[in-house]
There are 2 protein chains.
Amino acid sequence: MSTQERKRRERELRERLFVREAQEFIRREGLLHLQMSRLAEACDYATGTLYQHFASKEDLLLAIATEDLKRRATAFQPIPHLPLSSRERMLAVVLTDIDFISSHPDHFQLLQYVSTEVIWASASPDRRKALAEAGAPICEAVSQVVTTAVATGDLSGIPTLRPVEIAAGSWCLNVGMHSLAHAHGLLEAYAVRDPYALLLQHSQALLNGLGWQPLIDIRDTRNIAEQAQRIRALLRDNMQPVVSERPD
Amino acid sequence: MSTQERKRRERELRERLFVREAQEFIRREGLLHLQMSRLAEACDYATGTLYQHFASKEDLLLAIATEDLKRRATAFQPIPHLPLSSRERMLAVVLTDIDFISSHPDHFQLLQYVSTEVIWASASPDRRKALAEAGAPICEAVSQVVTTAVATGDLSGIPTLRPVEIAAGSWCLNVGMHSLAHAHGLLEAYAVRDPYALLLQHSQALLNGLGWQPLIDIRDTRNIAEQAQRIRALLRDNMQPVVSERPD
DNA sequence: AACGCAACTTGAATCTGGTTCATTATCCGG
DNA sequence: CCGGATAATGAACCAGATTCAAGTTGCGTT
């Protein structure tokens with residue numbers, strides 16, 4: 001059994017190598033210039049070997065996005081347990097998302113690209129499933145925040161909606177603003193400034209609209225900014241130290 | 001002069017032919033299977049001629065998306081003048097968007113694809129500009145709705161925000177929900193039902209949160225649905241009859 | 001220690017499809 | 001009707017993803 005096991009491990013290790021190296025390529029030269037043959041070469045393997053792991057280039061891209069997303073997801077896990085009001089936790093979700101994406105521009109670009117129906121459709125079902133699952137912890141963390149809020153009475157639940165569905169609004173606001181912020185030239189064309197401050201303000205408005213206690217004054221931008229800073233500080237302290245993976 | 005003028009017209013006509021035929025291709029076989037040479041052939045032109053019009057395939061895709069977007073934009077123009085309360089007008093925007101995208105799935109897919117930084121970056125600046133401009137009327141219409149709302153006192157403006165920026169929240173909610181709704185399998189994976197009813201509910205919550213009068217009860221789903229139906233009916237009556245473009 | 005088999009690796013060849021460009025055709029003003 | 005400018009043509013080109021026939025490797029067996 002042990003040889004089989006060892007092989008599996010080696011295989012997994014190599015897959016990581018490919019993914020890691022591909023991320024490096026993308027960071028250096030952009031998604032556009034990632035080439036299967038060059039990637040294989042850079043890892044000291046033949047092109048064909050790459051295809052042992054990934055059925056197609058799209059598959060590889062999903063795999064990379066999945067890896068990123070897993071890392072992103074871990075950032076959300078401590079949130080439900082942070083010493084914050086339920087509403088602040090919800091904002092912590094928004095802030096975590098903003099900060100992660102701001103500091104990983106490649107991740108957003110890639111995720112955006114693979115989420116495209118064109119690319120999505122040409123990846124294998126397994127990879128698609130893996131990507132969807134990598135996002136699940138975020139979904140769960142957020143749902144938990146909502147559930148707790150309802151339990152503590154900060155939010156009076158909406159009978160027809162599940163926790164996820166209540167959280168979905170906030171999530172969509174995020175996704176939409178990221179898209180806007182990344183659409184090169186759109187902000188300028190439409191004279192929108194500082195998208196993430198705006199996102200924060202609208203998130204607060206939405207929470208108010210859902211009746212999520214304590215309501216705050218959305219005109220008080222100073223207060224909003226200060227609260228965000230407080231929450232960010234706490235998030236930094238609670239950050240999982242990024243598990244630096246052992247070099248092989 | 002007239003011959004030069006005629007040539008320009010012919011050129012424009014042909015460009016339309018290409019775009020139209022490409023849309024047809026996409027509708028029939030999907031974005032994935034659009035091929036430059038086959039498209040040219042289908043229009044009875046040589047491949048090279050296609051490249052007289054579009055510097056690259058990406059350019060062509062932007063052109064198609066732009067054409068669609070223009071049509072989409074016209075649907076928003078009557079909204080600021082509809083006999084509705086300002087808040088209902090804002091909902092009319094949301095509904096128009098939902099309905100247009102629901103009935104033009106290809107449009108969303110294409111727009112999503114070309115908005116991707118990868119594709120966007122490899123199109124020519126002119127095409128990018130044209131696409132951005134095609135969306136401007138929507139932006140203006142929505143801004144106007146906000147401006148009117150502030151003028152009539154339905155919405156007490158937010159000193160630090162421009163009308164566009166106030167509208168941006170609602171817009172992002174839309175964009176985000178469309179993304180979610182189109183991400184094959186995500187809704188199921190995260191157990192979210194009926195995304196567009198949800199979008200409506202969250203839009204109402206956001207408007208409430210912005211203090212947009214008259215506030216409504218977001219728990220009253222029946223009322224929300226009925227109001228949406230009323231607005232939709234009005235929108236249908238005011239629909240610009242789609243200008244059926246003369247066949248050449 | 002040698003053998004045979006299965007599984008894996010290799011990278012040159014294949015294939016697809018976007019893009020180019022030398023050639024040819026068209027059009028226009030004189 | 002001529003000469004040159006302008007545009008159309010489509011076969012050739014090229015990049016790069018994907019394949020696959022040939023060669024290796026490593027394991028268990030004799």
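Chain identifiers are assigned alphabetically (A, B, ...) following the order of the sequence lines, protein sequences preceding nucleic acid strands; residue numbering begins at 1 within each chain. Quick note: numbers below take in every heavy atom, side chains included, and nothing from hydrogens, waters or symmetry partners.
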Next on the checklist: In terms of relative ring orientation, are F100(A) and H107(A) parallel, tilted or perpendicular, with 30° and 60° separating the classes?
Outcome noted: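 Geometry flag for H107(A) against F100(A): perpendicular rings.
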Next on the checklist: For F18(A) and Y45(A), take the angle between the two ring planes, folded into 0 to 90°, and tell me which bin it lands in: parallel under 30, tilted 30 to 60, perpendicular over 60.
Outcome noted: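 Plane angle over 60°, so perpendicular.
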Item to check | Considering all heavy atoms, the nearest A65(A)-L111(A) contact | outcome: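 Minimum heavy-atom separation between A65(A) and L111(A): CB-CD1, 4.1 Å.
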Value in whole Å for how far the [atom2] atom of [N] lies from [atom1] of [X]:
X	N	atom1	atom2	result
L60(B)	dG17(C)	CG	P	16 Å
K57(B)	dA15(D)	NZ	C1'	15 Å
F54(B)	dT20(C)	CZ	P	15 Å

Checklist entry - Can you tell me if E117(B) and H182(A) form a side-chain donor-acceptor pair at under 3.5 Å? => result yes
Next on the checklist: Could you check whether H104(B) and R72(B), counting side-chain N and O atoms only, form a donor-acceptor pair closer than 3.5 Å?
Outcome noted: no
Next on the checklist: Quick check on E29(A): does its CD atom have over 12 non-hydrogen neighbours (other residues, nucleotides or ligands) under 6.0 Å away?
Outcome noted: yes
Checklist entry - Does any residue of residues 27-37 of chain A have a heavy atom under 4.0 Å from DNA chain D, and if so, which ones, in number order? => result L34(A), Q35(A), M36(A)
Next on the checklist: Heavy atoms within less than 4.0 Å of DNA chain D: which residues of residues 38-53 of chain B have one? Give them sorted by number.
Outcome noted: Y45(B), A46(B), T47(B), G48(B), T49(B), Q52(B)
Next on the checklist: Could you tell me if the side chain of V142(B) sits less than 4.5 Å from the side chain of M90(B), heavy atoms only?
Outcome noted: yes
Checklist entry - OP1, OP2 of dT9(C) versus side-chain N and O of R14(A): anything below 4.0 Å? => result yes
Checklist entry - OP1 or OP2 of dC8(C) less than 4.0 angstrom from a side-chain nitrogen or oxygen of R11(A), does that happen here? => result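 So the side chain of R11(A) is outside the cut-off, no N or O lying under 4.0 Å from OP1 or OP2 of dC8(C).
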Next on the checklist: Going by the rule salt bridge (Lys or Arg N to Asp or Glu O under 4.0 Å), which residues pair with R8(A) if we only count those two or more places apart in sequence or in a different chain?
Outcome noted: E5(A), E12(A)
